[in-house]
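These notes concern the structure reproduced below.
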Amino acid sequence: LLYWGMTARLGDRPAVTAAAMVLGLLVCYAFGTAWFLVAYARAAGPIGLWAALGMCVFPFVVPDLVKLALAWMLSRLPAVEQHSLPQKVCVPGKSVIWWNADFVSLWRDRNETVGIFQAGGGADRGGTLRTGHHGPGAAGRRLSGLHRPAGAMPAAVPDGGGGFQSCGAFQWLAGHLLSRGTGPRALAVILVLLPFFCSMAVTNDVALITFAPFALLLLDQMDCRAAAVPLLVLQTIAANLGSMATPVGNPQNLYLYGAYGLSAGDFFPVVLPLAGISLACLTAAALPVLPRDLQIPPVHPQPLRQPGKLALYGALFLLCLLTVFRILPYGLLTVLVLGTLAAVEPALLRKLDVSLLCTFICFFVVSGNLGRLPAVHGFLQSLLERSTLLTGVLTSQIISNVPAAVLLSGFTDNWRELLLGVDIGGLGTPVASLASLITLKLYLRSPGARPTRYLAVFTAWNAALLAVLLAAVWLTSVGA
């Protein structure tokens with residue numbers, strides 16, 4: 001409304017539209033912060049203004065300004081004339097393809113793209129039909145991500161961490177690791193590397209939800225809250241970097257693994273070297289986090305709850321991995337998992353990540369429409385031709401790495417650099433990987449939180465490790 005009112009009264013001049021966008025963003029920030037202060041106070045008690053700004057405004061300022069700049073530049077482009085497309089095409093021996101004017105369409109034969117109908121290209125700007133066997137292209141890759149096993153896994157398979165958490169597996173693991181009389185340095189390394197390794201199996205967000213509160217509780221017991229900021233920041237980085245080592249560690253890996261039809265032999269040689277470098281850097285960074293003279297209270301490991309259920313969840317998880325690697329059919333396994341959970345622990349069905357699949361579908365629609373805008377298509381194509389890796393990293397800083405993977409996969413066949421770009425791109429701004437917001441919110445809800453210090457430490461460590469990993473990729477490519 002503010003944008004419409006300003007442009008209606010003052011005209012559609014560049015300065016007016018830019019000012020209207022910025023003022024509109026400020027109004028959204030003000031309204032959202034005020035609502036958060038009221039809602040949070042009702043749910044958990046009063047919260048300070050700076051803490052609220054740290055949760056609602058500060059992490060999003062830079063990405064939002066970049067988005068506004070892109071929107072402003074696109075709004076200054078001349079309008080493109082639209083022409084209607086036919087409603088279907090029939091090709092002998094192939095399937096019938098339906099589409100509307102908003103989508104590039106294709107048909108498939110044995111999971112290979114054999115035809116693409118593209119709008120534009122001719123003198124009359126009509127459609128052109130290309131046939132012939134070739135790999136999934138821009139539109140094909142987005143649609144293939146919906147029916148491949150890895151594309152269906154976010155919705156078909158429940159959050160593995162939910163079952164393991166209900167059985168106390170993570171608490172048992174942490175208790176046994178910390179009950180061996182470790183010193184401060186070893187304790188810090190263990191606390192940082194727990195989410196690193198666990199995220200490989202149960203995703204980065206589950207690892208942080210599990211181990212970040214545990215770390216804060218342990219610091220309170222040791223009266224060492226000063227170490228909370230660096231420890232939580234390193235745990236966040238560890239979860240994001242550890243999750244890149246497996247196809248199921250994070251949503252972007254899961255999507256790209258299925259969308260490009262990768263195999264284990266394709267995937268692991270690309271990501272494991274960087275995972276090893278990340279492990280070494282995180283270990284070195286964790287050593288000085290806790291004071292050397294810190295008195296560590298004894299930690300008593302908790303017993304496993306319901307070990308029988310834990311074994312069942314472990315077996316289901318292994319079957320899910322076999323599905324991701326295309327050894328088992330994902331349709332049959334989905335029915336098996338849902339049926340087992342309905343019989344054993346129905347409460348976990350509410351934790352199915354259906355919203356993630358719905359988010360993927362929305363990304364497909366948005367990225368498909370964006371890809372048909374000549375200015376956006378040409379802009380992304382030129383960036384990807386220069387460096388797919390850096391384009392993935394920079395795009396992740398603005399829109400987060402999962403939507404960046406979905407968007408950019410439609411414009412490049414260079415899956416190696418795209419995979420590394422969106423995985424490494426999880427470092428940087430707090431929105432580069434949405435899992436980073438978990439520890440940020442957790443810290444800001446703790447007593448004595450200092451949002452400015454947290455964001456400063458977070459930015460410094462993320463920038464340093466991002467530079468190290470980018471240098472490692474560059475050196476590897478030069479050596480090859």
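Atom set for the values below is all heavy atoms of this structure, side chains included, hydrogens, waters and symmetry mates excluded. All residue numbers refer to positions in the sequence shown, counting from 1.
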Exercise. Side chains of Thr236 and Ser436: donor-acceptor distance under 3.5 Å anywhere?
Worked result: no

Exercise. If you measure from CE on Met21 to CG on Leu65, what distance do you get to the nearest 0.5 Å?
Worked result: 12.0 Å

Problem set entry | Flag for Asp12-Thr7: side-chain donor and acceptor within less than 3.5 Å | no

Exercise. Nearest heavy-atom pair of Leu208 and Gln235: which atoms, and what distance?
Worked result: CD2-O, 3.5 Å

For this session: List the steps, then state whether side-chain contact (heavy atoms from CB on, under 4.5 Å) holds for Asn414 with Arg416.
Result: CA-CA 6 Å; Asn414 190 352; Arg416 290 176 178 83; 4.1 Å; yes

Exercise. Under 30°, 30 to 60°, or over 60°: which ring-plane class applies to Tyr257 and Phe267, parallel, tilted or perpendicular?
Worked result: perpendicular

Exercise. Taking C-beta and beyond as the side chain, do Val393 and Leu420 meet within less than 4.5 Å on heavy atoms?
Worked result: no

For this session: Would you name the heavy atoms of Leu455 and Pro430 that are closest together and state the gap between them?
Result: CD2-CG, 4.0 Å

Exercise. Is the shortest heavy-atom distance from the side chain of Leu466 to the side chain of Leu470 under 4.5 Å?
Worked result: yes

For this session: Decide yes or no for Leu465 and Ile237: does some side-chain heavy atom of the first lie under 4.5 Å from some side-chain heavy atom of the second?
Result: yes

Problem set entry | Heavy-atom pair with the smallest gap, counting every atom of Leu408 and Thr412 | O-CG2, 3.4 Å

For this session: Would you check if there is a donor-acceptor pair between the side chains of Asn250 and Asn204 at a distance under 3.5 Å?
Result: no

Problem set entry | Enclosure of Trp461 CH2 (heavy-atom neighbours >12, cutoff 6.0 Å) | no

Problem set entry | Test item: Ser278 side-chain N/O and Leu241 main-chain N/O as donor-acceptor pair under 3.5 Å | no

Exercise. Is any side-chain heavy atom of Leu407 closer than 4.5 Å to a side-chain heavy atom of Ile399?
Worked result: yes

Exercise. Can Asp266 and Ser263 be counted as having a side-chain donor-acceptor contact under 3.5 angstrom?
Worked result: yes

For this session: I would like to know whether Tyr260 and Leu418 meet side-chain contact (heavy atoms from CB on, under 4.5 Å); could you show each step before the answer?
Result: CA-CA 11 Å; Tyr260 284 97; Leu418 179 58; 3.5 Å; yes

Seminar exercise, completed: All heavy atoms of Thr246 vs all of Asn253, minimum pair found to be O-ND2, 3.0 Å

Exercise. Name the one of Val270, Ile277, Leu274 that satisfies side-chain contact (heavy atoms from CB on, under 4.5 Å) with Val473?
Worked result: Leu274

Problem set entry | Any Phe268 side-chain heavy atom under 4.5 Å of Pro247 side chain | yes

Exercise. Would Val406 and Tyr255 count as a side-chain contact (heavy atoms from CB on, under 4.5 Å) if you check the C-alpha gap in whole Å, the side-chain angles of each, and the deciding distance to 0.1 Å?
Worked result: CA-CA 8 Å; Val406 176; Tyr255 167 73; 4.0 Å; yes

For this session: May I ask you to test the Met6-Leu23 pair for a side-chain heavy-atom distance under 4.5 Å?
Result: yes

Exercise. Can you name the nearest heavy-atom pair linking Gln397 to Val431, along with the distance?
Worked result: O-CG2, 3.6 Å

Exercise. Do you know the tightest heavy-atom contact between Gly242 and Met200?
Worked result: O-CG, 3.1 Å

